[in-house]
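Have a look at the structure below, then the notes.
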Amino acid sequence: MTDVSTQERTLVLRRTIAAPRERVYAMWTKPDLILTWMWPPECKIEKLEADVRDGGTYRIHMRQPNGEVWTVRGVYREVRAPERLAFTWAWEEDDPKDEIETLISIDLAEAGNATDLVFTQSGFATVESRDGHGEGWNAAIDRLVPAL
């Protein structure tokens, strides 16, 4: 593992989405809407629990095409509709030596009839992990737009 700076271990994605900010915020906070875009289409969400409030938790079980189940969990750190959402993100299946909890923040700003979205995920152990998550989140946000 290469020693890298905190900035290098932070993922930042920016998008302008042609939808009202309230609708984009709902896509990140309403479980029935989260199910429509956040996961690879080949995966099945078997269970999604989300208590979206400051200090609330979430836990999501996702079945892979090979039958393997992955679970992600976290705590909502900041819930401020419709402009900001921050929560932790940790895979339960990570090797204990690699286990890491990252922090995700979603900042939404009105941009005329659209919404400027800034997605930030910080705390990765390696640049490789950051880049892998970047591929996943870019694909998820691509699916968010038509789901609106």
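Quantities reported herein were computed from a predicted structural model and do not represent experimental measurements.
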What do the steps show when you test Thr115 against Thr16 for side chain to side chain contact (heavy atoms under 4.5 Å, CB included), and what is the final call? CA-CA 6 Å; Thr115 301; Thr16 298; over 6 Å; no
Checking side chain to side chain contact (heavy atoms under 4.5 Å, CB included) for the pair Tyr76/Arg53: CA distance, chi angles, key distance, verdict? CA-CA 6 Å; Tyr76 292 100; Arg53 61 180 173 84; over 6 Å; no
Evaluate the side chain to side chain contact (heavy atoms under 4.5 Å, CB included) criterion for residues His133 and Phe124: first the C-alpha distance (whole Å), next the side-chain angles of each, then the deciding distance (0.1 Å), finally the verdict. CA-CA 9 Å; His133 281 79; Phe124 291 107; 3.4 Å; yes
What do the steps show when you test Arg63 against Glu42 for side chain to side chain contact (heavy atoms under 4.5 Å, CB included), and what is the final call? CA-CA 9 Å; Arg63 183 167 299 278; Glu42 66 274 13; over 6 Å; no
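Contact check for Leu85 versus Thr29: side-chain heavy atoms found under the 4.5 Å cut-off. Within the 4.5 Å cutoff, the side chain of Arg143 has heavy atoms near those of the Pro41 side chain. Two residues are said to be in side-chain contact when any heavy atoms from C-beta on lie closer than 4.5 Å; Pro40 and Met62 meet this criterion. No side-chain heavy atom of Arg9 sits less than 4.5 Å from a side-chain heavy atom of Arg130. Side-chain atoms of Thr36 and Met27, non-hydrogen and from C-beta on, do get closer than 4.5 Å to each other. With contacts defined as side-chain heavy-atom distances shorter than 4.5 Å, the pair Trp39/Val72 qualifies. Residues Ile141 and Leu13 meet the side-chain proximity criterion, which asks for heavy atoms closer than 4.5 Å. Residues Ile34 and Trp28 form no side-chain contact, since every pair of their non-hydrogen atoms from C-beta on lies 4.5 Å or further apart.
Rounding to the nearest 0.5 Å gives a distance of 5.0 Å between CD of Glu92 and OG1 of Thr71. The distance from atom CD of Glu78 to atom CD1 of Ile106, rounded to the nearest 0.5 Å, is 12.0 Å. Rounded to the nearest 0.5 Å, atoms CG (Leu117) and CG (Leu108) are 5.5 Å apart. Note that CD of Glu83 and OH of Tyr25 are 8.5 Å apart. Values are rounded to the nearest 0.5 Å. Residue Ile60 holds its CD1 atom at 6.5 Å from CD1 of Ile45, rounded to the nearest 0.5 Å.
Using a 4.0 Å cut-off between a side-chain N of Lys or Arg and a carboxylate O of Asp or Glu, Arg15 and Asp142 qualify as a salt bridge. A salt bridge links Lys47 with Glu49: the closest approach of a Lys/Arg side-chain nitrogen to an acidic carboxylate oxygen falls below 4.0 angstrom.
The environment of Glu135 atom CD is sparse: at most 12 non-hydrogen atoms of other residues, nucleotides or ligands sit within 6.0 angstrom. No more than 12 heavy atoms of other residues, nucleotides or ligands sit less than 6.0 Å from atom CG of Asn113.
Leu48 approaches Pro31 most closely through the heavy-atom pair CD2-CB, 3.5 Å. Taking all atoms of both residues into account, the shortest heavy-atom contact from Asp54 to Arg77 is OD1-O, 3.9 Å. In terms of heavy-atom proximity, Pro65 sits nearest to Cys43 at CD-SG, 4.2 Å. When all heavy atoms are compared, the tightest approach of Ser122 to Thr10 is CB-OG1, 3.7 Å. Closest approach of Ala111 to Asp116, counting heavy atoms only: CB-OD2, 3.6 Å.
Under a hydrophobic-cluster definition in which Ile, Leu, Val, Met, Phe, Trp and Tyr are linked whenever side-chain heavy atoms come within less than 4.5 Å, directly or via other members, Leu35 and Ile104 are assigned to the same cluster. In the hydrophobic clustering of this structure, Leu33 groups with Val52; members are Ile, Leu, Val, Met, Phe, Trp, Tyr whose side-chain heavy atoms approach within less than 4.5 Å, directly or through other members.
The aromatic rings of Trp37 and Trp137 sit tilted relative to each other, their planes meeting at an angle between 30° and 60°. A perpendicular orientation is assigned to the rings of Tyr58 and Phe87, their planes being inclined by more than 60° (bins at 30° and 60°).
Considering only residues two or more places apart in sequence or on other chains, Lys30 meets the salt bridge (charged side-chain N to carboxylate O under 4.0 Å, His left out) condition with none of them.
No donor-acceptor pair under 3.5 Å is formed between the side chain of Ser129 and the backbone N or O of Thr126.
Between the side chains of Asp51 and Thr57, no donor N or O sits under 3.5 Å from an acceptor N or O.
In the hydrophobic clustering, Val118 connects to Val12, either directly or through intervening members, whenever side-chain heavy atoms lie under 4.5 Å apart.
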